S.K.: 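My structure is below; once you've seen it, I'll send some questions.
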Amino acid sequence: MKPKARWTASFRYALEGIAASLKTQRNLRFHCFAAVVVIAASFYFALPPRDIAVLLLTIALVISLELVNTAIEAAVDLITPERHPLAKLAKDAAAGAVLAAAVFAVVIGVLIFYRPVIAWFHALFG
Ligand SMILES: Nc1ncnc2c1ncn2[C@@H]1O[C@H](COP(=O)(O)OP(=O)(O)OP(=O)(O)O)[C@@H](O)[C@H]1O
């Protein structure tokens, strides 16, 4: 395969992975929806580029970990249909990684949006 065709195929497979994960993983759909809301809010509140960059990085981290979590779940299910403590550890640790990133994402969101939202409320309701 030519290098360009190989690159195109890899890109297509990656998009297929994202599409398949979106179809099967409700949490991933929720995180993508939350990401769209956060990005829209960051433009609405005219946040400085550095804050938007931090939010984008945080969103990328959560969504990427959600995709890795999906991959680990699939790999574990492929390896063993039986209950095994290591299978549990793999799935729970992967889910824990998503949870840790999501909790810190909420903290980062509060830190960044706190002032503009308070100012917005003051402007609206005096
Ligand atoms: N093969 C297994 N051996 C031991 N424990 C398992 C195994 N498969 C799943 N579990 C336990 O059950 C939990 C739920 O697993 P499941 O495969 O249903 O994924 P999930 O967390 O429901 O993810 P999702 O709903 O996003 O697919 C895991 O977090 C783990 O604690």
Side-chain angles (χ1 to χ4, degrees):
M1 205 187 283
K2 283 183 188 164
K4 192 178 171 212
R6 208 180 307 145
W7 189 88
T8 311
S10 301
F11 188 69
R12 184 162 48 83
Y13 293 140
L15 289 181
E16 281 176 12
I18 293 172
S21 302
L22 275 171
K23 251 185 224 161
T24 57
Q25 304 297 315
R26 202 165 41 121
N27 288 348
L28 179 59
R29 290 198 293 274
F30 170 75
H31 283 134
C32 287
F33 171 74
V36 170
V37 171
V38 166
I39 290 167
S42 71
F43 284 105
Y44 178 80
F45 289 113
L47 295 180
R50 198 183 297 176
D51 285 358
I52 296 177
V54 171
L55 290 170
L56 290 177
L57 200 59
T58 308
I59 288 167
L61 181 69
V62 173
I63 289 178
S64 300
L65 283 176
E66 193 70 71
L67 289 165
V68 171
N69 180 38
T70 305
I72 289 174
E73 275 179 16
V76 168
D77 288 343
L78 179 67
I79 291 165
T80 174
E82 281 157 29
R83 311 296 287 182
H84 192 288
L86 288 177
K88 177 173 170 52
L89 175 61
K91 284 191 176 186
D92 291 352
V98 177
L99 179 65
V103 167
F104 281 101
V106 170
V107 174
I108 288 169
V110 170
L111 289 173
I112 288 180
F113 280 105
Y114 174 74
R115 280 174 197 277
V117 168
I118 295 286
W120 182 72
F121 264 101
H122 277 300
L124 272 186
F125 305 110

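We count ligands from 1, going down the list as the structure has it; atoms in each ligand are counted the same way. Keep in mind that what you see is a predicted model, and the values were worked out from it rather than measured.
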S.K.: To check your reading of the model: name the closest protein heavy atom to atom 20 (P) of ligand 1, its residue, and the distance in Å.
M.R.: E73 OE2, 3.8 Å
S.K.: How far apart are the closest heavy atoms of V38 and F113, and which atoms are they?
M.R.: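 Nearest pair, atom of V38 first, then F113: O-CZ, 3.8 Å.
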S.K.: Strictly less than 4.0 Å: does any protein heavy-atom distance to atom 23 (O) of ligand 1 fall in that range?
M.R.: yes
S.K.: Check step by step if side-chain contact (heavy atoms from CB on, under 4.5 Å) holds for N27 and N69.
M.R.: CA-CA 11 Å; N27 288 348; N69 180 38; over 6 Å; no
S.K.: Within a distance under 4.0 Å of any heavy atom of E82, pick out the atoms of ligand 1 and give their elements.
M.R.: 1 (N), 2 (C), 3 (N)
S.K.: Residue-level breakdown please: for K88 versus ligand 1, do any non-hydrogen atoms fall below 4.0 Å on the side chain, on the backbone, on both, or on neither?
M.R.: both
S.K.: Look at ligand 1 and say whether R26 reaches it with a heavy atom at a distance under 4.0 Å.
M.R.: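 It does not; every heavy atom stays at 4.0 Å or beyond.
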S.K.: Give the C-alpha distance, both sets of side-chain angles, the deciding distance and a yes or no for side-chain contact (heavy atoms from CB on, under 4.5 Å) between T8 and R12.
M.R.: CA-CA 6 Å; T8 311; R12 184 162 48 83; 5.7 Å; no
S.K.: Out of all atoms in ligand 1, which are within 4.0 Å of some heavy atom of D92? Include the element for each.
M.R.: 28 (C), 29 (O), 30 (C), 31 (O)
S.K.: Tell me whether atom 14 (C) of ligand 1 lies less than 4.0 Å from at least one protein heavy-atom position.
M.R.: no
S.K.: So, for R29 and T24, which heavy atoms are closest and what is the spacing to 0.1 Å?
M.R.: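 Heavy-atom minimum between the residues: NH1-N, 4.1 Å.
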S.K.: L61 pairs by side-chain contact (heavy atoms from CB on, under 4.5 Å) with which of L65, T58, I59?
M.R.: L65
S.K.: Could you walk me through whether L28 and I18 pass side-chain contact (heavy atoms from CB on, under 4.5 Å), step by step?
M.R.: CA-CA 10 Å; L28 179 59; I18 293 172; 5.6 Å; no
S.K.: Report the member of E66, Q25, R83, H84 with the shortest heavy-atom distance to atom 10 (N) of ligand 1.
M.R.: R83
S.K.: Has T70 got a side-chain atom pairing as donor or acceptor with E66's backbone, closer than 3.5 angstrom?
M.R.: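 Yes: the side chain of T70 pairs with the backbone of E66.
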S.K.: Around atom 8 (N) of ligand 1, find the nearest protein heavy atom and jot down its residue, atom name and distance.
M.R.: K91 NZ, 3.2 Å
S.K.: Within the 4.0 Å heavy-atom shell around A87, which atoms of ligand 1 are there?
M.R.: 1 (N), 2 (C), 3 (N)
